[in-house]
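Structure record follows, encoded as structure tokens.
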There are 2 protein chains.
Amino acid sequence: MTAAKRANVTLKDVATAVGISQSAVSMALSDHPRISETTKEAVRAAAARLGYVPNSAGRALRAGRSTSIAVVVPNTGQHVFGHPYFMHLLVGVTAEANARDAALMVSTNPDETHGVAAYERVLRSQAASGAIIASASISDRNVNRMVEAALPVVLVGRFVHLPHAASVGIDEIAGAAAITRHLVEDHGLTRIAHISGPLDHQTAVDRYEGFRGALAASGRPCTHTLAVGDFSEESGRAAARQVLDSMTDLQAIFAANDEMAYGAMLEIRSRGLRIPEDIALAGYDDFGVSRLTTPGITTIHVPAEALGRKAADILFDLLDGTAPDPVHTVLPFDLVIRESCGPHSG
Amino acid sequence: MTAAKRANVTLKDVATAVGISQSAVSMALSDHPRISETTKEAVRAAAARLGYVPNSAGRALRAGRSTSIAVVVPNTGQHVFGHPYFMHLLVGVTAEANARDAALMVSTNPDETHGVAAYERVLRSQAASGAIIASASISDRNVNRMVEAALPVVLVGRFVHLPHAASVGIDEIAGAAAITRHLVEDHGLTRIAHISGPLDHQTAVDRYEGFRGALAASGRPCTHTLAVGDFSEESGRAAARQVLDSMTDLQAIFAANDEMAYGAMLEIRSRGLRIPEDIALAGYDDFGVSRLTTPGITTIHVPAEALGRKAADILFDLLDGTAPDPVHTVLPFDLVIRESCGPHSG
DNA sequence: ATCAGGTGCTCTAACGTTTCAGCGCCATGG
DNA sequence: CCATGGCGCTGAAACGTTAGAGCACCTGAT
């Protein structure tokens, strides 16, 4: 069926096929009350037969806005974009976009070709009518510009400098605090190292703060140290090396994400130490792989897919002119207890 | 800078700012030789000052094609789209698209809203001018339709029913054969089970065929059995359970992807068997996680990012009217030997 | 018979872009 | 002094869509 030789089928083609004007076809397809049911039937039949699909450029031009939304992820460096977090986020956004018949663009190029970052151009060119920004770097000035220009964007994560921009996230401070309390209170560990992410990422800062806050609040005499990584496995290993060397009688390592926890695991093992008997280990994120290691890593489950869904949901509201009710939506997280901190107990 | 109140800056705005016609502005910005250097300077200055960004709908409408390309991934079921394979592919495609200043759409909804799958609409509506299709299911009729309609698409993988469509892939049969030979010839194992993927996936079929072919060609008396999984960890575990129960003196398991290999690893371990001493284990894909297990899993490295790059490259050629030189581009793979098949040796 | 109002369509304009023919102008050559 | 032609720009048209004004026809009421 649907011969569709080479040229594309337009309203005009359907119109001549039915023998009416193209505006009538347009109105018929949008179920306008002023078009007779008979004509509508005929139009729908002809459209289906010819394989008519509305041209999105024509439609977007006329409407003054496209039906696509964009997801902006930090730069091409694959250890960032390639992170499972973004994939989960994408799955969520996709689901919501599909439900609304909206197309999804993915934009990732931060370098400024004509004075504007590629992803900002996507909005300014109206290729997409709104964007979900998952760039975590505090220092990305382009994000500020987009927010200041009142472009419809939803941020994923916490952007302290942009208190008025709609955002979706989890309470990272509470998450880190929860896992820290698990180490201190459930397992009685008091000599703990934290491997943080780069401290120009709000996420890394918040997790570190949650860690320190929980230690301080515990009321027990705890000793802690910090090593900074970059969320990669390699950096986690290096950081673990550093803290294992520098802190005597280290009892636990809490890495700011699971990948660094893997790196730490390798380093701990390579020294002949056992997990959790000699060193307890905790991570953060739970993007599917932490359960595969032996022992499974105790971690905070970040509901990335739900974040994506919610972000898209809010963005579509924004595009409809509805202001998000809480400007900052906070989703719940889960503490997932596996074996890396010690035997289960209350 | 860049006040950009609410309305968008168009050619006309730049034109009135400079005091010339909008056509002149258009020509100036595209560096047309018939426009004086002085005027060009003035136009560029005004455009930058006003923050002019060409409206993509207007441009696409005029040009008759958009500057976006689409990546089509199989349906929303997250264990499919969320697979690391697609992330790596996406990274590659993104890199290439960025290099050409093209926007990237991601489409995944197969259900037919108006008689056409969502991702086919993306092409027919000219929201994207070409697509990279990474859907592996043999039975997806929509893919056939798109190819038959001569829409510009590049397939990733092997589509035996579509010999004339441009495609990019690796030689899965050779890959599976290589890893099978590693088991048989390097480690002298002769009682081997294969855990395949669903056999309506060409990839699964090819890997199984490579396995059998290598066994047959080995000239040694080998015994093998098959269990079918669905590429998920759980199914891998179930399949391993099945083959461990049914085949006595089983020496090795070759899973058609790493995730099923993980599942198999869990099952093997739960029976108190050791890897590789009691059972050798091999996987396929090497998407970054197989090196984290202990022992690391011997596998075939699939260059997914390179596949994405190459696919995009070919698609852009296609859009320029250049026919891909080999219709089917085959990229090399690597056999990655870790510890799961036994001690390293020649 | 005339008019009001409704019905079902057509016509026109507009969205922002690019392309192309054309027009006025100046310098040059006859 | 008039043709020639290059230069630098203008104006119009077209891409496909949709909204709204308008027009022809019909029905029913006056």
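Naming convention: chains lettered A, B, ... in sequence-line order (proteins, then strands); numbering from 1 in each chain.
The distance from atom CG of A:D13 to atom P of D:dG16 is 8 Å, rounded to the nearest whole Å. Distance B:N55 CG to D:dG16 P: 16 Å, rounded to the nearest Å. The separation between A:L29 atom CG and D:dG16 atom C1' is 13 Å, rounded to whole Å. When rounded to the nearest whole Å, the span between NE2 of A:H32 and C1' of D:dA19 equals 8 Å. One can place CZ of B:R124 at 15 Å from P of D:dG16, the figure rounded to the nearest angstrom.
Closest contact between the side chain of B:R59 and the listed nucleotides D:dC9, C:dT18, D:dT17 involves C:dT18. Distances were taken from every side-chain heavy atom of A:Q22 (C-beta onward) to each of D:dT17, C:dC9, D:dG8; the shortest belongs to D:dT17.
The pair B:R44-B:E41 meets the salt-bridge criterion, with a side-chain N (NZ, NE, NH1 or NH2) lying under 4.0 Å from an Asp/Glu carboxylate O.
Phosphate contact (OP1/OP2 of D:dA19, side-chain N/O of A:R62, threshold under 4.0 Å): absent.
Contact annotation for B:L11: base contact, defined as any heavy-atom pair under 4.0 Å involving a base atom. Heavy atoms of A:S23 sit under 4.0 angstrom from at least one base atom. Contacts of B:S26 with the nucleic acid, taken as non-hydrogen atoms under 4.0 Å apart, include base atoms. Residue contacts for B:T39: at a heavy-atom cut-off of 4.0 Å it reaches the sugar-phosphate backbone alone, with no base atom in range.
Heavy-atom nearest nucleotides on DNA chain C were determined for B:S30 and for B:G58, and the one closer to the 5' end corresponds to B:G58.
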Base, backbone or nothing for each nucleotide of nucleotides 21-28 of chain C, written B, S, -, heavy atoms under 4.0 angstrom, 5' to 3'? -B------
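Over its length, the helix from C:dA1-D:dT30 to C:dG30-D:dC1 turns its helix axis by 70°, as judged from the five terminal pairs at each end, rounded to 10°.
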